[in-house]
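Notes for the one structure printed next.
Residue numbers start at 1 and run along the sequence shown.
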Amino acid sequence: QVQLVESGGGLVQTGGSLRLSCAASGRTFRNYAAGWFRQAPGKEREFVAAISWSGDNRYYVDSVQGRFIISRDNMKNTVDLQMNSLKPEDTAVYYCAAAPSPPLLAPIRETEYDYWGQGTAVTVSS
């Protein structure tokens, strides 16, 4: 079992920045790829970013490419999502997830993730 707890959400103006953090506990987190997903009001949950457990591979949805950065610290068992140049359409509940994976794999499909956090809300005002 891996327990995930997100933090760092809040209210920010358009163009601002937020840094989300996901703290993992339980089984060794370094053997898991990690991802961030989000769910906007009235919409389905969507992939945002993923990072392999080696940290070598990262993937982003096109809408956040160049604005968001996913990173991890396997010593601290954390995965962060730095969000810059935020837009109102980034408003959503953001979820951290973990998937048991080979070192270089960074899954982008929700079904590949076994463990999920409770989510942290991000609101971007226009």
Side-chain angles (χ1 to χ4, degrees):
Q1 287 283 348
V2 175
Q3 292 79 43
L4 304 171
V5 178
E6 303 95 334
S7 62
L11 175 64
V12 64
Q13 291 186 334
T14 296
S17 297
L18 279 176
R19 188 177 184 89
L20 305 183
S21 187
C22 175
S25 60
R27 302 187 69 175
T28 305
F29 189 51
R30 65 170 293 161
N31 294 327
Y32 290 79
W36 285 95
F37 292 76
R38 66 186 179 187
Q39 187 167 21
K43 295 186 177 181
E44 294 189 352
R45 190 157 57 185
E46 67 169 353
F47 167 78
V48 176
I51 186 169
S52 60
W53 75 247
S54 68
D56 290 330
N57 290 322
R58 296 171 173 85
Y59 297 101
Y60 301 91
V61 68
D62 287 347
S63 60
V64 309
Q65 182 74 45
R67 299 189 297 123
F68 291 11
I69 300 171
I70 188 171
S71 61
R72 67 188 296 160
D73 186 332
N74 287 337
M75 295 298 292
K76 296 181 179 178
N77 286 343
T78 58
V79 177
D80 290 349
L81 185 68
Q82 177 67 42
M83 305 188 297
N84 302 318
S85 302
L86 283 162
K87 304 175 182 180
E89 50 263 45
D90 295 318
T91 295
V93 176
Y94 284 73
Y95 297 90
C96 175
S101 300
L104 299 179
L105 188 63
I108 65 172
R109 289 193 296 262
E110 189 173 330
T111 54
E112 296 181 88
Y113 287 84
D114 291 345
Y115 303 103
W116 294 83
Q118 82 290 347
T120 185
V122 172
T123 302
V124 184
S125 63
S126 57

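Closest heavy-atom contact between Phe47 and Pro107: CE1-O, 4.0 Å. Residues Ala24 and Leu4 share a closest heavy-atom pair of CB-CD2, 3.7 Å. Minimum heavy-atom separation, Ser17 to Ser85: OG-N, 4.3 Å. Gly119 approaches Val93 most closely through the heavy-atom pair CA-CG1, 3.9 Å. Nearest approach of Ala49 to Leu81, heavy atoms of both residues: CB-CD1, 4.1 Å. Annotation for Ser54 and Pro103: closest pair OG-O, 2.8 Å, computed over non-hydrogen atoms.
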Problem set entry | Verdict with reasoning, Tyr94 to Glu6, per side-chain contact (heavy atoms from CB on, under 4.5 Å) | CA-CA 8 Å; Tyr94 284 73; Glu6 303 95 334; over 6 Å; no
- Show your reasoning for whether side-chain contact (heavy atoms from CB on, under 4.5 Å) applies to Met83 and Asp90. CA-CA 9 Å; Met83 305 188 297; Asp90 295 318; over 6 Å; no
| request: Go through Phe68 and Leu86 one step at a time and tell me if the side-chain contact (heavy atoms from CB on, under 4.5 Å) criterion holds. | output: CA-CA 9 Å; Phe68 291 11; Leu86 283 162; 3.8 Å; yes
| message | I'd like to know whether Glu46 forms a side-chain contact (heavy atoms from CB on, under 4.5 Å) with Arg38, so could you lay out the CA-CA distance, the side-chain angles of the two residues, the decisive distance to 0.1 Å, and finally the verdict. | response | CA-CA 5 Å; Glu46 67 169 353; Arg38 66 186 179 187; 2.6 Å; yes
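Leu18 CG to Leu11 CG: the interatomic distance, rounded to the nearest 0.5 Å, is 8.5 Å. For the atom pair CD of Gln13 and OG1 of Thr123, the computed distance is 13.0 Å after rounding to the nearest 0.5 Å.
In this structure, the side chain of Arg58 engages the main chain of Ile70 through a donor-acceptor pair within 3.5 Å. In this structure, the side chain of Asn57 engages the main chain of Leu104 through a donor-acceptor pair within 3.5 Å. Checking side-chain atoms of Arg72 against main-chain N and O of Ser52 turns up a donor-acceptor pair under 3.5 Å. Checking side-chain atoms of Thr111 against main-chain N and O of Arg109 turns up no donor-acceptor pair under 3.5 Å. Put simply, the side chain of Asn74 gets close to the backbone of Trp53: a donor and an acceptor are under 3.5 Å apart.
The side-chain heavy atoms of Ser25 and Asn77, taken from C-beta on, include no pair separated by under 4.5 Å.
For Glu110, the side chain to side chain contact (heavy atoms under 4.5 Å, CB included) criterion is met by Phe37, Arg45, Trp116, not counting sequence neighbours.
Applying the disulfide (SG to SG under 2.5 Å) test to residues at least two apart or on different chains, the pairs with a partner in residues 11-121 are Cys22-Cys96.
The aromatic rings of Tyr32 and Tyr115 lie perpendicular to each other, with more than 60° between the two planes, well past the 30° mark.
Residue Leu105 places its CG atom among more than 12 non-hydrogen atoms of other residues, nucleotides or ligands, all under 6.0 Å distant.
No donor-acceptor contact under 3.5 angstrom links the side chains of Gln82 and Asp80, judged on distance only.
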